[in-house]
Amino acid sequence: MNIFVAKLNYATSEDALRQAFEEFGTVDSAKVIMDRDTQRSKGFGFVEMPNDDEGNQAISSLNDTELDGRTIVVKKANPRG
DNA sequence: GTTGAGCGT
């Protein structure tokens, strides 16, 4: 299940994101979108979870919570299209 | 050396 995470702290790393989601389920991979040129965080990222139920719980649980001191938004990710 | 809605090199 692809999960979209936004309003991240510009200092939040993928490991912090992964650890945050691993507390609610198994995380297959986590990625924070950063600028291609400056490598600065765009403020949002993606988390991939092999279990859909754990993913939904992670979304419902981690949504509107604090990460690195910033309230984050967790939703299902859209296909890149 | 910043900012704060939004969907990926």
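Note that this is a predicted model, so its numbers are computed, not measured. So that the names make sense, note that chain A is the first sequence line, chain B the second, and so on, each numbered from 1.
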Next item on the list: Tell whether A:Tyr10 reaches the base of B:dT3 with its side chain through a donor-acceptor pair below 3.5 angstrom.
Entry: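 By the distance-only test, yes, there is a pair.
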
Note to self: Between the base of B:dT3 and the side chain of A:Arg40, is one N or O donor paired with an acceptor at under 3.5 angstrom?
What the structure shows: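 When only heavy-atom distances are counted, A:Arg40 does reach the base of B:dT3 through a donor-acceptor pair under 3.5 Å.
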
Margin query: Check the phosphate of B:dT9 against A:Lys42, side-chain N and O only, distance under 4.0 Å to OP1 or OP2. Yes or no?
Written below: yes

Notebook entry, point to check: Where is the tightest heavy-atom contact between A:Arg70 and A:Lys7, given as atom of each residue plus distance?
Noted result: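 Nearest heavy atoms, A:Arg70 then A:Lys7: CB-O, 3.8 Å.
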
Note to self: Testing the basics here: between A:Asp35 and A:Asp37, what is the closest heavy-atom pair and its distance to 0.1 Å?
What the structure shows: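 Reported closest heavy-atom pair: OD2-N, 2.7 Å.
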
Rounded to whole Å, please give me the gap between [atom1] in [X] and [atom2] in [N].
X: A:Lys76; N: B:dC7; atom1: NZ; atom2: P; answer: 16 Å
X: A:Phe44; N: B:dG4; atom1: CZ; atom2: C1'; answer: 12 Å
X: A:Gln39; N: B:dG8; atom1: CD; atom2: C1'; answer: 14 Å
X: A:Asn78; N: B:dG8; atom1: CG; atom2: P; answer: 9 Å
X: A:Ile3; N: B:dG8; atom1: CD1; atom2: C1'; answer: 15 Å
X: A:Ile72; N: B:dA5; atom1: CD1; atom2: P; answer: 15 Å
X: A:Phe4; N: B:dA5; atom1: CZ; atom2: P; answer: 12 Å
X: A:Asn2; N: B:dG6; atom1: CG; atom2: P; answer: 20 Å

Notebook entry, point to check: Is a side-chain donor or acceptor of A:Asn9 paired with a backbone partner of A:Asp68 at a separation under 3.5 angstrom?
Noted result: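 A pair under 3.5 Å: yes.
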
Margin query: Using a 5.5 Å cut-off between ring centres and planes within 30 degrees, is A:Phe46 stacked on the base of B:dG8?
Written below: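 A:Phe46 ring centre within cut-off of B:dG8 base, planes near parallel; stacks.
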
Next item on the list: Using a 4.0 Å heavy-atom cut-off across all strands, classify A:Leu8 as base, sugar-phosphate, or nothing.
Entry: base

Margin query: Classify A:Val32 by what it touches in the nucleic acid, base, sugar-phosphate, or nothing, heavy-atom distance under 4.0 Å.
Written below: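 The residue A:Val32 makes no contact with any strand.
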
Check: Considering heavy-atom distances to DNA chain B, does A:Asn9 or A:Glu48 have its closest nucleotide positioned more toward the 5' end?
Finding: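 Counting from the 5' end, the first nearest nucleotide belongs to A:Asn9.
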
Margin query: On DNA chain B, compare the nucleotides closest to A:Ile33 and A:Arg70; which residue's is nearer the 5' end?
Written below: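 So the residue in question is A:Arg70.
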
Notebook entry, point to check: Does B:dG4 fall in syn (glycosidic angle within 90° of 0) or anti?
Noted result: anti

Next item on the list: Considering only Ile, Leu, Val, Met, Phe, Trp and Tyr, and joining two whenever side-chain heavy atoms are under 4.5 Å apart, list the other residues clustered with A:Phe21.
Entry: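 A:Met1, A:Ile3, A:Val5, A:Leu8, A:Leu17, A:Phe24, A:Val27, A:Val32, A:Met34, A:Val47, A:Met49, A:Ile59, A:Leu62, A:Leu67, A:Ile72, A:Val74, all in the cluster of A:Phe21.
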
Item checked: Partners passing salt bridge (charged side-chain N to carboxylate O under 4.0 Å, His left out) against A:Glu22 (at least two apart in sequence or in another chain) ->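 Testing A:Glu22 for salt bridge (charged side-chain N to carboxylate O under 4.0 Å, His left out), a comparison that skips the adjacent residues, returns A:Arg18.
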
